[in-house]
Structures are given as structure tokens and as C-alpha cells.
Amino acid sequence: MAEYTSLEKVRLQKIEDLRAEGIETYPTRAERTHTSAQAAAEFEAAEKSAADPTSIPEVKATLAGRIRAMRAMGKLTFAHIEDGAGKIQLFLRVNEIGKERLALFDKMFDIGDFVQATGKMMRTKAGEVTLHVLDFKLLAKAVTPLPADKDVAQEDGSVVRYAAIESPELRARQRYADLAVNPDVRETFRKRATLIKSLRAFLDDHDFLEVETPILQPLYGGAAARPFVTHHNELEQDMYLRISFELYLKRLLVGNMERVYEIGRDFRNEGVSFKHNPEFTQLEFYWAYADYLQVMELTEQMVAYAAEKVAGSTTVKFGEHELDFKPPWKRVEMRVGILEASGIDIAEHKTAEDLFKAIAAKHPKKTPDPKVTRGKMIDFLLGEFLEPTLIQPTFLYNYPRDISPLAKSIPGDPLTVERFEGYAAGFEICNAFTELNDPLDQEQRFIDMQSDYTDDEEEKNPLDEDYLRAMRYGMPPNGGFGMGVDRLAMLLTNKHSIREVLLFPALRKEE
RNA sequence: GGGCGCGUAGCUCAAUGGUAGAGCAUCGGCCUUUUAAGCCGUUGGUUCGGGGUUCGAGCCCCCGCGCGCUCACCA
């Protein structure tokens, strides 16, 4: 049972008092005729049409919104309400409202309450477009005050207070309050919706079919990550929440679906950070008869298209950087990029042992775990030396085979696969390759993975026999692609934590 | 999971180991063009929780909880 603070008790008492007077505190219906923006626009048009200020046609409106500020001055009251379109001022005067009703508004209404006000539009002496209220109605009483104070020290030592919430915990845990108080947060999530819509539109326009594959899976796969495990009672078996869509989407290529994509949630039972949340939104597509170079081109077009829709330009501000997503993006072969960033040529060190010695000789303070595979060491070099330097959108291409069990080798180079990752602002946003479609090779890769990681239970991928069965029916050559949509959302909204672009990021439960 | 930091009124923050405070919000009053209005007055605390040291703990010590930063993990 909730325990009420003294402020809440005051408001609960007001609810009781209002009801005692026959005023409904949570009426079922509202009678809004205009949004704040519509009413203001109509009034401004009326002003323009008038020959002189005394002959402005009357604009009547009933507005609805949440009280954000109140200034009671005895026989006058000013208030601001905020609706989906913005804020607008209300002006109440004893002349029209009467002493009792004005006192009711002043004493019984609070910041945070939803109200409806009917009147005619006017402009105040200060020049603000305002609703001159003739009648009003409570729509919903708020019991808890919005936690909306933020003090900012000014240069002259004074303190200015803004209606805003700053505490990251409070903002994430009570996103409803954050949204109610911080308009820019609503704007971020509007942009996120635009982003997802634009990705869909782009892929639809390129003849990709949107599909939905299981989130609840008897086996997991398609990525190296620990899954969440759950249990189906009637089937009496454990189920996994998917860690990627890959193996299901590629089954669809076996079924003659040539271009498919899915936008949905992936779940990875791993650490959280500024770029990791246990559940995140993934976009994957698979494209028959294409290879990774074609996917690369489509990727830069798609992201540029999305940037244009979300930010209005292919150039976006991200912290101190200006990121330019305009195609073509910079392309760097991974071997060359690592050589330039670390001074080590991975092509000259073809075993894990050799490579480790080379790293230890060159960078004695930055060495990988000596027990890992060559591919993992290369990945270490990439993360340690190269990744932080990739600020402008860049494709890194040609990856080690042993960390890419689902990608096809480069003809004539068995250690390297046709794979690329897209980077921007120093982190990975997407990952793609020419997909392995040889069922015999695929089976061997799965078996190799099992032995490479025998002592690493967490990274062991279960062998998916049904996926191999599907491949044996024949899979067309194809290019596949995966992208962390949340990370792209971060880039396009200039947010530096994934929590800022997730409405309800994962948090420990309270208490 | 490791390291560092933080947790005090509804909110934002103070308080050498010595009576827990300020601003805003609340509540009461004045005020017919305000805009985080203003002025006067008023109320409000399990100092995150539990234990310990001490004559005395918001402060020192231990354990726990939550959050932030960071490292590890994340082909």
C-alpha cells in the first residue's frame, strides 16, 4: 500500500473536497476543440486578417492539457498548460469567472493536473498568445507532484530554476515523469519512431518483405552471446529468448523468399553499458544473389536515408563531432586498419601464438589473453587500437574466419571471410557478410566452434541440426546484414547512452 | 563480476564527531497583464537499511540495497 507524503495528503484532501462539492475529479470525457498550436495559429491568422487591433475576429477554443505553471494574483490568474503540441497560457479573470470559481482554480488545482479550458484567444500586454478563459473543467487530478526542479548556477552566482528532471536514475525509472516534464525527451522518442519508420520504408521500397520469426526458441544461435532461459510448462522443455534472427531468416531464403527483413527485439544475457542493454532492437535483412559489397552499398544508402528523415540532413552532430553519413563511406580493409593503428600486420602472423608474440613485442602493456584464438586476438587489436579512431562512418571489411562461423571465406584466402562492420563515433553499429550457404562447410564450422571453445561454455553455440537440414535443401548465395537500431538512434539524436533512446531501459528492481 | 564515487525535506543542495539547515514546492495572507511573478508568514526529516565505535554519529568502521562512472564480458 502506498504511503503518502504530506504533499500528496494535501492533494488527496482536495480530491475529497472537490467531490463533496459535486465536482468530478476524473471525468470520463473531454471536449477539446483545438490543440494549443491550432488555437494559436488560428488566432494569429485572425490577427493578420484584421484591419486594426479592435476588429480581430473572435477565435473560440476549448483546450486541454496539463498545468505546468500557475501564477495567481488575487483577481487574476495566469497559468500555462501543455498539450501534445506545446504550451499555451491561460488567463482567468474574476470579471468573467467570478470570485468563487477563480478561488476554486487557484486553491484546488495544482501543477500536474489535467484541465480543460474554454474561452477566446487573445494577446496579453506582454505579447503572448493566450486563452482568455470563460469556463474550465478539471479532467484529472494529480496526486503526486511532478519531481520537476533543476537548479542551474549562473555566472553571477544566482541560481536559476528550470522545470526539468536531471537524476539519471529517476529519469529512467520514472520515464513517465521524465516525459511529462522534459519535452526534449518526447522529441527523442519521436525521432526514434521516425527512424524505425524510415528503415521500414527504405527496405519496403527495395522489395524486402517484412517477416516475424520466433522470439521464443528451442535453440538459440546466430551470434555469440549468452541467452535468457525460460521454460514452457506444457511442452516440458526449456526455451530461449533469441539472441539474433539470423538462422530463422536464412531458413526463409531456403524457402525461395529472396529478400526478407525483420525489426524486433533481441535478448542477450550480458553486461550493461552505455551501448548495451539486455534487450535491444535489431534490424536484420537477407538478400539473395547479393554479396557483402552490395550490402555495403545498400547499408550506406539506408543509413543516409534514415539520417535525412530523422535529422533532416546526412550530417548530424554527435558530441564534439559532425558525422557525415553521405555515401560513400570510408572503406578500410581490417588488416590495413589494424596495421595503421597498431603497427601489427596480422597477415604476417598466421597462428595465435605468432600473433600474440608480435603484440607482446610491440605493445607489452596491451596484450590479449594468450589462450584465445587468432581471430579473438585480431578482434582485441581492433577494439583496442582501431575502433576508437573510427569516428566518421567507416566500413571495416574482411574479417578472420574463426570469429565468423556463418560467413563465407574469400575465394583463395581460407583464413579470411567476406564480412564488414560499420562504425561511427567509435563504436560498431552494424555487421554484415556474404552468408555461408555450403551446408558441409557450415557443419564443419559448427564443429570447429565447439572444439575452439570447449573450455568456454558461455560461448559455445548449440549445433542447430534443423538449420543444417534447411541448408541441405539448397540456399541461394546471399548477403546478410544486422544493425543495432538503438545505436543508430543514439547517433542520430546525439545521445551518448543507450538508456537515453530506450523508453524503459533495464534497471534493478526497486527495494 | 571488479574498482572508484554518490545516497540528507516533495525537488535541488548545505551542515570540523556536538541542537539537522537553505532555496523552491506545500499551507495561510496581500496583489486586475503575469510568465520559474512578487512580498509577508507557515509547515515539512526513520539523514537509503542494518550493525558497530563513541559521553555523543548525517559525518568514522563493517554488512547490505540502489544509482552513476569505469574495467571486464558482449565472434
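Every chain is numbered from 1, with letters handed out A, B, ... down the list of sequences. Just so we're clear, the structure is a prediction, and the values are computed from it rather than from any experiment. We use all heavy atoms of the structure for the numbers below, so side chains are in, but hydrogens, waters and symmetry mates are not.
Less than 6.0 angstrom separates the ring centroid of A:Phe78 from the ring centroid of A:Phe91. A centroid separation of less than 6.0 Å is found between the aromatic rings of A:Phe318 and A:His496. In this structure, A:Phe109 has its ring center closer than 6.0 angstrom to the ring center of A:Phe136. Between A:Tyr240 and A:Phe228, the gap from one ring centroid to the other reaches at least 6.0 Å.
Side-chain atoms of A:Glu128 and base atoms of B:U33 include no donor and acceptor less than 3.5 Å apart. Within 3.5 Å, no donor on the side chain of A:Ser6 pairs with an acceptor on the base of B:U26, nor the reverse. No hydrogens or angles were tested; on distance alone, a donor-acceptor pair under 3.5 Å links the side chain of A:Asn95 to the base of B:U32.
Base pairing of B:C69 is made with B:G3, judged by Watson-Crick or G-U wobble geometry with both donor-acceptor distances under 3.5 Å. Using the Watson-Crick or G-U wobble rule with both distances under 3.5 Å, B:G18 pairs with B:C55. The partner of B:G44 cannot be assigned: no Watson-Crick or G-U wobble pair with both contacts below 3.5 Å exists in any strand.
B:U26 and B:U16 have their C1' atoms separated by 34 Å, given to the nearest Å. Remark: the separation of the P atoms in B:C60 and B:G5 is 11 Å, to the nearest Å. Of the C1' atoms belonging to B:G1 and B:U12, the separation is 34 Å, rounded to the nearest Å. On the P atoms, B:A15 is 15 Å away from B:G58, given to the nearest whole Å. Only the C1' atoms considered, B:G50 is 16 Å distant from B:G7, to the nearest whole Å.
To the nearest angstrom, C1' of B:C74 lies 15 Å from CG of A:Asp486.
Side-chain polar atoms of A:Asn431 and A:Tyr399 form no donor-acceptor pair below 3.5 angstrom.
Taking only side-chain atoms of A:His80, from C-beta outward, the nucleotide of B:U34, B:C74, B:U35 with the closest atom is B:U35. Among the nucleotides B:C74, B:G10, B:U33, the one closest to any side-chain atom of A:Thr124 is B:U33. Checking B:A75, B:U33, B:U26 against every side-chain atom of A:Ala224, the shortest atom distance belongs to B:A75.
In this structure, A:Lys14 reaches the sugar-phosphate backbone alone: every heavy-atom distance under 4.0 Å involves primed, P, OP1 or OP2 atoms, never a base. Looking at heavy-atom distances under 4.0 Å, A:Ala72 makes contact with a base. Residue A:Ser404 is out of contact with every strand shown, counting any heavy-atom pair closer than 4.0 Å. Using a 4.0 Å heavy-atom criterion, one finds that A:Lys275 contacts no nucleic acid atom at all.
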